[in-house]
Amino acid sequence: MAIIRSDPWEEESNSATALTKRTETKTRDRRLFRFQDLASDYYQEYFRHESFDKTSTSWKDNLTLPALTICSSNFINYTRLREVMTEEGDSDALEALRRVLSLLERYDGAGDFFELYEANKATFKQLVSYENRRGSIQLRFSLNLDAVIFGTPHYFFDGRGKNITDPRKHMQTTKSGMCLEFNNDETFQQSNGGPKGGFSIDLNTNVRDYLPTTSSHGFTVFIRDPDENVMLNVGGFVISPGTETFVRLTSKSAKRLGPPHGTCKNVPNIYSKRNVKFESIRECWQRQVIQAMIGKCGCIPIYFAVQMWYRNRTNVLDEFIELIKTVRAHKFYESIYEFTSEEDVARYVSMTNGNASRTKQDNMISEIERLKKMFVKSPYFPYHCSLIQERACTLFIDNEITKGKLKLEKCPEPCKYREWDAVISSIPFPPTPTYFNEFMIGDGVRTFADAKENIARLHVFYDKIRVQETEQIPAYQTHNFIAEFGGTVDLFIGFSFFTLFQLIEIGIATCVLRCRKIKISKNDNFLIFSYLNSL
């Protein structure tokens with residue numbers, strides 16, 4: 001029997017080779033696993049769509065101030081209303097108006113609003129009937145803008161006094177009544193920092209003309225984009241008479257990303273001032289509330305109707321009138337709502353002449369009265385809400401929102417917008433009786449005490465002529481993914497971005513050679529590259 005002996009040196013060599021192969025296999029497996037892990041991280045990071053905000057500050061030679069809307073806390077001239085209703089023999093309606101406004105002011109939202117109505121149904125009907133006979137209380141007795149502005153010139157910008165020459169550019173109907181507006185045309189370009197380089201105005205509250213139910217004393221100021229529209233009392237701040245208020249602004253601009261990196265969305269603006277395409281968050285909220293009022297209460301708020309009429313946006317009103325005609329959405333108004341007749345419209349037009357005070361600035365008053373008459377003669381006037389309907393409907397809608405019965409859609413952030421941070425401070429005004437006697441006496445304010453009770457001075461300005469710009473940027477973009485993924489592939493398996501072009505080049509050369517019937521072997525890359533170089 002033959003004995004076969006193995007060479008110990010050969011066995012050792014075979015063992016080392018097997019160990020090397022196993023080691024290489026494990027290393028290759030580890031590399032492949034690590035490559036898969038990194039590739040998965042890059043993939044997940046890319047599809048998380050994270051972003052970051054890039055903020056910078058740029059100094060300017062001049063900077064546009066925001067637009068301003070200034071509204072009195074009192075939306076009706078009660079002195080004139082009381083005098084006219086007494087002269088016309090409507091003392092009962094005047095007393096009913098006081099009683100209903102007091103009831104609405106005291107309503108805290110806790111009880112059932114329909115119970116409040118049922119208990120005072122006769123009074124509500126009496127007031128609606130009065131407005132159908134005599135005309136809109138809000139239009140007839142709205143505040144005169146000339147009475148709100150104290151002194152001449154009407155306002156100052158960059159240290160120079162200016163007067164209002166075209167009232168249409170400075171008037172706006174809102175829930176708070178007739179309001180003043182400035183800088184809708186973006187002409188206030190401040191080049192010097194500080195109050196002297198900005199906007200200043202003296203305002204008169206005319207507290208003697210306040211409704212008994214007016215709960216606050218002063219003015220509400222809205223800082224807004226010139227393209228933005230203010231209708232409801234949302235987002236403003238209050239200044240009090242007897243104070244000089246300084247509003248120091250910081251201008252900001254923002255660019256946001258839409259899906260998948262961000263949540264911004266441009267919503268078409270159907271109520272815009274200058275046919276601007278997209279609405280702000282405040283305008284989005286206002287739109288939903290006004291649509292709810294029209295849909296649930298069966299009439300158009302007078303301030304909204306007048307705004308749309310003045311801007312020739314009658315297509316918006318036409319849509320709502322069709323809604324009102326087809327749907328009487330809420331039983332609260334079914335029993336008291338009546339369309340104003342043609343006779344009522346004609347009577348109101350004839351009554352409007354002579355009701356306004358002519359104490360000063362007759363051209364401003366007459367222009368506002370002319371615009372009122374234009375709306376009254378329009379086909380949209382019969383569908384507006386009376387004063388009591390509007391105030392009651394506003395309370396009803398607010399109550400529905402508070403209790404969660406009426407759900408409003410979440411308003412998305414616009415993808416591009418401007419905003420302003422404001423630092424507000426105030427000091428007593430006028431400072432002394434001597435200052436009052438020297439610079440302020442007259443124009444309806446006779447004593448230092450009257451000035452303290454009625455006059456407020458407002459300054460709106462930039463302290464520094466600069467803009468803070470914020471831009472939302474994707475944290476991990478397509479080119480980042482390609483670069484990092486390609487680097488990982490090159491590191492672990494020797495495949496890079498340039499290898500892709502080499503493979504394409506080899507593929508083209510192979511196809512060309514086969515088409516020309518040139519025989520090539522599997523390893524004959526030299527022939528391929530030689531042929532490519534000869535082209």
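This chain uses plain numbering: 1 for the first residue, then up along the sequence. Side-chain atoms are counted along with the backbone in the values below, which use heavy atoms only and exclude waters and symmetry mates.
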Heavy-atom distance under 4.5 Å between the side chains of Ile76 and Leu387, does that happen here? yes
Checking Gln307 against Asn229: is there a side-chain donor and acceptor pair closer than 3.5 Å? yes
Please determine if Arg418 and Glu186 form a salt bridge, counting it only when a charged side-chain N lies under 4.0 Å from a carboxylate O. yes
Indicate, with yes or no, whether the SG-to-SG separation of Cys393 and Cys297 is under 2.5 Å. yes
Do side-chain atoms of Thr79 reach the backbone of Arg208 as a donor and acceptor pair under 3.5 angstrom? yes
Do Leu63 and Val467 have side chains that approach each other closer than 4.5 Å (heavy atoms only, starting at C-beta)? yes
Tyr462 (side chain) donor-acceptor with Thr64 (main chain) under 3.5 angstrom: yes
Quick one: are Ile294 and Ile290 in side-chain contact, heavy atoms under 4.5 Å? yes
Residues Ser191 and Asn62: side-chain donor-acceptor under 3.5 angstrom: no
Any donor and acceptor pair, going by atom type alone, linking the side chain of Asn183 with main-chain N or O of Pro226 inside 3.5 Å? no
Looking just at side-chain N and O atoms, do Arg282 and Gln286 make a donor-acceptor pair shorter than 3.5 Å? no
I need the minimum non-hydrogen distance between Ser73 and Thr214, along with the two atoms involved. O-CG2, 3.6 Å
Given the rule in the side-chain contact (heavy atoms from CB on, under 4.5 Å) test, do Phe222 and Asn233 qualify, once you have shown the distances and angles that lead to the verdict? CA-CA 9 Å; Phe222 301 90; Asn233 190 5; 3.4 Å; yes
To the nearest 0.5 Å, what is the distance between CZ on Arg248 and CZ on Phe461? 6.5 Å
Restricting to non-hydrogen atoms, name the atom on Ile455 and the atom on Met440 that form the minimum distance, rounded to 0.1 Å. CG2-CE, 3.8 Å
Indicate yes or no: does Arg140 engage Glu88 in a salt bridge with an N to O separation below 4.0 Å. yes
Between side-chain atoms of residues 235-245 and protein atoms elsewhere (two or more places apart, or another chain), which donor-acceptor pairs fall under 3.5 Å?
from	atom 1	to	atom 2	distance (Å)
Thr243	OG1	Ser240	O	2.5
Glu244	OE2	His459	NE2	2.6

Atom pair CD (Gln468) and CH2 (Trp420), whose distance is rounded to the nearest 0.5 Å: 13.5 Å
Heavy-atom pair with the smallest gap, counting every atom of Leu127 and Ala96: CD1-O, 3.7 Å
So, Arg80 and Glu83, do they make that salt bridge, N to O below 4.0 Å? no
I want to check something: taking the side chain as every heavy atom from C-beta on, are Lys416 and Phe278 in contact at a cut-off of under 4.5 Å? no
Do you know which two heavy atoms are closest between Met231 and Thr174, and how far apart they sit? O-CB, 3.4 Å
Between Asp450 and Val445 (side chain of the first, backbone of the second, donor and acceptor by atom type, cut-off under 3.5 Å), is there such a pair? no
Checking side-chain polar atoms at under 3.5 Å, does Asn184 have a donor or acceptor matched by the opposite partner on Arg224? yes
When you measure from the side chain of Gln389 to the backbone of Cys299, do you find a donor-acceptor pair of N or O atoms at a distance under 3.5 Å? no
Within-4.5 Å side-chain heavy-atom neighbours: Leu317 and Phe304: yes
Taking it one step at a time, do Glu390 and Gln138 satisfy side-chain hydrogen bond (donor to acceptor under 3.5 Å, both in side chains)? CA-CA 10 Å; Glu390 181 189 308; Gln138 290 159 287; 3.0 Å; yes
So Lys452 and Pro428, do their side chains get closer than 4.5 Å, heavy atoms only? yes
Got a salt bridge between Lys169 and Asp185, using NZ or NE/NH1/NH2 to carboxylate O under 4.0 Å? no
Smallest heavy-atom separation, Pro153 atom then Asn163 atom, equals CA-OD1, 3.2 Å
With sequence neighbours left out, write down each residue that passes side-chain hydrogen bond (donor to acceptor under 3.5 Å, both in side chains) with Ser251, or none if nothing qualifies. none
Quick one: does Val423's side chain get under 4.5 Å of Phe246's, heavy atoms only? no
Report the C-alpha distance between Arg82 and Met85 in whole Å, list the side-chain angles of each, state the deciding distance to 0.1 Å, and finish with yes or no for side-chain contact (heavy atoms from CB on, under 4.5 Å). CA-CA 5 Å; Arg82 185 177 61 246; Met85 292 184 75; over 6 Å; no
Are Phe188 and Phe182 close enough that their ring centers fall under 6.0 Å? no
Just to verify, what does Arg457 make a side-chain hydrogen bond (donor to acceptor under 3.5 Å, both in side chains) with, not counting sequence neighbours? Asp202, Tyr435
Quick one: does Asp90's side chain have a donor or acceptor within less than 3.5 Å of a partner on Tyr130's backbone? no
Distance from Thr250 atom OG1 to Glu419 atom CD, nearest 0.5 Å? 11.0 Å
For Phe219 and Ser72, the nearest pair of non-hydrogen atoms, with its separation, is CD2-CA, 3.7 Å
Any Glu181 side-chain heavy atom under 4.5 Å of Leu68 side chain: no
Point-to-point distance, once rounded to the nearest 0.5 Å, from CZ of Arg106 to CG of Leu104: 11.5 Å
With side chain to side chain donor-acceptor pair (under 3.5 Å) as the test, pick out the partner of Asn269 among Glu283, Glu279, Arg287. Glu283
Between atom CD1 of Ile281 and atom OH of Tyr417, what is the distance when rounded to the nearest 0.5 Å? 7.0 Å
Can you tell me if Asp158 uses its side chain to pair, donor with acceptor, with the backbone of Arg160 under 3.5 Å? no
Trace of the side-chain contact (heavy atoms from CB on, under 4.5 Å) decision for Leu81 with Leu97: CA-CA 11 Å; Leu81 178 146; Leu97 177 64; 3.9 Å; yes
side-chain contact (heavy atoms from CB on, under 4.5 Å) assessment of Tyr155 paired with Ile149: CA-CA 8 Å; Tyr155 64 92; Ile149 301 173; over 6 Å; no
From Asn144 atom CG to Asn77 atom CG, the distance as rounded to the nearest 0.5 Å: 7.0 Å
Give a yes/no verdict on a cation-pi contact between Arg391 and Phe75, requiring under 6.0 Å between NZ or CZ and the six-membered ring centre and an angle within 45° of the axis. yes
